[in-house]
Amino acid sequence: MDGMLSQEEINALLGSMGSDDAVEDTSGAVVEEPNSTAASEERLSPEESDALGEIANISMGTAATTLSILVNNRVEITTPKLSYVTLDNLKEKNPAPCVFIYISYRTGLEGKNILILREHDVKVITDLMMGGDGTNTDAELTELHLSAISEAMNQMMGSAATSMSSMINEKVDISPPNSTRVDLTDTMMEDGLQDMVGKTFVQVSFRMTIGDLVDSEIMQLYPFEFAKLIYTRFRSTMEGDVATSQPAAQETTTVSQPEPVAAPTPQPEPMPMASPQQMDSQPIAPPPMMGMQQPMNGAMPMYSMPMQNVPIQPAQFQNFAPSQNLDGIAPENIDLIMDVPLEVTVELGRTSKSIKEILDFSPGTIIELDKLAGEPIDVLVNGKFVAKGEVVVIEESFGIRVTEIIKE
């Protein structure tokens with residue numbers, strides 16, 4: 001055709017473009033074409049992708065602030081990338097074991113998503129939460145790690161849910177997350193992942209850095225129904241805001257209409273000018289004082305009524321006595337600090353030694369304490385003496401049975 005391409009050839013060229021090309025949307029999120037073979041209807045529209053990327057960007061920004069407080073380190077989470085994945089895609093991209101955190105939305109939104117962290121990142125986060133330096137990652141992942149990361153994700157995603165509440169104009173709340181270690185290369189996976197076989201999910205990926213310890217990727221998997229629900233609620237909120245602002249604009253237009261011109265007010269005739277001799281002989285009127293109305297149209301000034309004497313008494317207040325329970329603790333806001341960890345120390349006894357005596361310490365040296373045999377030992381919370389107790393043995397570990405609470 002004279003060197004020109006046909007429509008079929010143009011379509012073939014457009015269809016042969018690489019599936020790994022990324023297009024950045026208006027929200028800053030990057031939408032990547034999927035490698036999965038999902039049906040064409042299982043795709044988000046450009047508007048839905050933009051909205052989900054914007055919501056994820058704002059929510060995870062708030063979650064990063066919460067995580068930085070928990071680990072006492074600088075946490076940065078970059079702009080999200082949107083793509084579509086299946087379970088087979090996850091197996092190819094994540095050959096190492098990872099941790100799946102299941103998050104359920106119970107208020108405001110109804111649905112579930114999965115947060116995926118690498119096993120090494122979980123160990124670093126939990127070590128920092130427990131007061132370590134983040135380098136104790138050689139040990140096996142235990143239930144203690146999973147419990148700690150669940151609590152961290154509970155607070156992180158709780159902050160993200162609060163940000164989402166402001167975007168859909170309705171309270172959003174989540175259930176406590178559940179964490180589990182998953183080896184995607186293992187053919188015998190847990191029952192919870194069997195529902196993911198053959199399904200395509202919307203994946204929102206972030207690059208996360210924690211100081212100099214972690215430079216990794218975290219992922220969120222959204223079922224298509226839940227992703228579309230978030231977009232629907234977000235769009236309805238935005239349309240409601242626009243509809244609410246319309247009456248104000250109409251009212252402004254109505255007010256701006258020209259008003260009829262009023263009839264001119266008759267002006268008073270000018271008073272004749274007084275001669276200099278008359279001005280010297282006439283007293284000058286004093287300036288108006290407070291309580292006097294200004295004259296209008298040359299009329300005589302009108303004075304307001306003088307203020308009557310009002311009896312004034314000093315204010316009296318009742319004595320402040322906050323309600324307290326039996327332990328003397330106000331219960332109104334105690335729930336806000338229930339999750340704050342405190343260090344509990346059991347002190348068997350104390351003694352004082354000189355530097356010379358301490359330098360003479362060697363294996364086998366016996367140090368006499370100030371406590372008598374059988375005397376209750378002290379229990380301290382953050383260095384404060386709070387209770388007394390006795391030593392007991394629980395299986396192979398020492399314990400203490402509290403016998404007395406110290407009240408000051």
Side-chain angles (χ1 to χ4, degrees), residues 56 59-60 63-64 66-71 73 75-78 80-81 83 85-105 111-161 174-197 199 201-211 213-223 226 339:
S59 301
M60 292 305 294
T66 303
L67 182 60
S68 65
I69 297 174
L70 293 175
V71 300
N73 264 271
V75 177
E76 293 183 354
I77 296 181
T78 60
K81 296 180 180 179
S83 60
V85 295
T86 63
L87 193 60
D88 294 333
N89 300 141
L90 292 176
K91 291 180 181 180
E92 296 174 1
K93 296 180 180 180
N94 301 276
C98 52
V99 175
F100 276 37
I101 299 132
Y102 300 93
I103 302 168
S104 299
Y105 291 79
K112 297 180 180 180
N113 69 338
I114 301 175
L115 186 65
I116 303 177
L117 296 175
R118 303 189 193 280
E119 183 178 10
H120 174 267
D121 302 342
V122 171
K123 292 180 180 179
V124 172
I125 293 174
T126 53
D127 186 42
L128 291 172
M129 290 177 61
M130 296 176 185
D133 56 2
T135 59
N136 185 19
T137 58
D138 296 333
E140 294 290 334
L141 194 71
T142 63
E143 290 295 329
L144 181 62
H145 293 90
L146 296 178
S147 177
I149 199 63
S150 295
E151 177 61 26
M153 294 302 107
N154 186 28
Q155 298 192 32
M156 278 185 61
M157 300 312 297
S159 300
I174 63 172
S175 300
N178 296 321
S179 303
T180 182
R181 180 181 181 272
V182 176
D183 187 356
L184 294 174
T185 60
D186 190 357
T187 57
M188 300 297 293
M189 291 183 298
E190 61 176 19
D191 296 337
L193 297 180
Q194 299 304 324
D195 297 338
M196 297 179 58
V197 177
K199 291 186 177 180
F201 293 84
V202 180
Q203 176 180 282
V204 184
S205 304
F206 305 85
R207 179 189 174 192
M208 179 181 67
T209 59
I210 303 178
L213 301 170
V214 172
D215 188 352
S216 183
E217 183 183 45
I218 60 176
M219 295 167 284
Q220 281 185 300
L221 301 185
Y222 291 88
F226 188 45
D339 295 333

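All figures in this text were calculated on a predicted structure; none of them were measured in a lab.
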*At their closest point, which heavy atom of Gly211 faces which heavy atom of Asn73, and how far apart are they?*
CA-OD1, 4.3 Å
*Considering all heavy atoms of both residues, which atom of Ile125 and which atom of Leu67 are nearest to each other, and what is their separation?*
CG2-CD1, 4.2 Å
_I need the minimum non-hydrogen distance between Val99 and Leu146, along with the two atoms involved._
CG1-CD2, 4.1 Å
*For the side chain of Asn89 and the backbone of Thr86, is there at least one donor-acceptor N/O pair under 3.5 Å apart?*
yes
*Walk me through it: do Phe226 and Val202 pass the test side chain to side chain contact (heavy atoms under 4.5 Å, CB included)?*
CA-CA 10 Å; Phe226 188 45; Val202 180; over 6 Å; no
*Rounded to the nearest 0.5 Å, how far does CE of Met219 lie from CZ of Phe100?*
7.5 Å
*Side-chain contact test, heavy atoms from C-beta onward, threshold under 4.5 Å: evaluate it for Glu217 versus Lys81 and give yes or no.*
no
*What are the two closest heavy atoms between Leu144 and Met130, and how far apart are they?*
CG-CE, 3.4 Å
*Please answer whether the main-chain N or O of Ala139 pairs with a side-chain N or O of Lys123 as donor and acceptor at a distance below 3.5 Å.*
yes
*Roughly how far apart are Glu76 CD and Ser68 OG, rounded to 0.5 Å?*
10.0 Å
*Any side-chain heavy atom of Glu151 sitting closer than 4.5 Å to one from Asp339?*
yes
Return all side-chain donor-acceptor pairs below 3.5 angstrom for residues 112-119, not counting sequence neighbours, or 'none' if the list is empty.
unit_1	atom_1	unit_2	atom_2	d
Arg118	NE	Ser216	OG	2.9
Arg118	NH1	Asn94	OD1	3.4
Glu119	OE2	Arg181	NE	3.3

*Check: Ser147 side chain, Glu143 main-chain N or O, donor-acceptor pair, under 3.5 Å*: no
*asked:* For the CD1 atom of Ile218 and the CG atom of Asp121, what is their distance to the nearest 0.5 Å?
replied: 9.0 Å
_On a heavy-atom basis, which atom in Met153 and which in Pro177 lie closest, and how many Å separate them?_
C-CG, 4.2 Å
_Tell me every residue that passes salt bridge (charged side-chain N to carboxylate O under 4.0 Å, His left out) with Asp88, counting only those two or more places apart in sequence or in another chain._
none
*asked:* Within this structure, what is the CG-CG distance for the pair Leu128 and Leu70, rounded to the nearest 0.5 Å?
replied: 10.5 Å
*Residues in side-chain hydrogen bond (donor to acceptor under 3.5 Å, both in side chains) with Ser179, at least two apart?*
Ser150
*Test log, rule side chain to side chain contact (heavy atoms under 4.5 Å, CB included), inputs Ile174 and Asn154*: CA-CA 8 Å; Ile174 63 172; Asn154 186 28; 4.1 Å; yes
*With rounding to the nearest 0.5 Å, note down the distance linking CD1 in Ile69 to CE in Met156.*
11.5 Å
*Check: Thr78 side chain, Arg207 main-chain N or O, donor-acceptor pair, under 3.5 Å*: yes
_Least distance between heavy atoms, Ala148 atom then Thr126 atom_ = CB-CG2, 3.6 Å
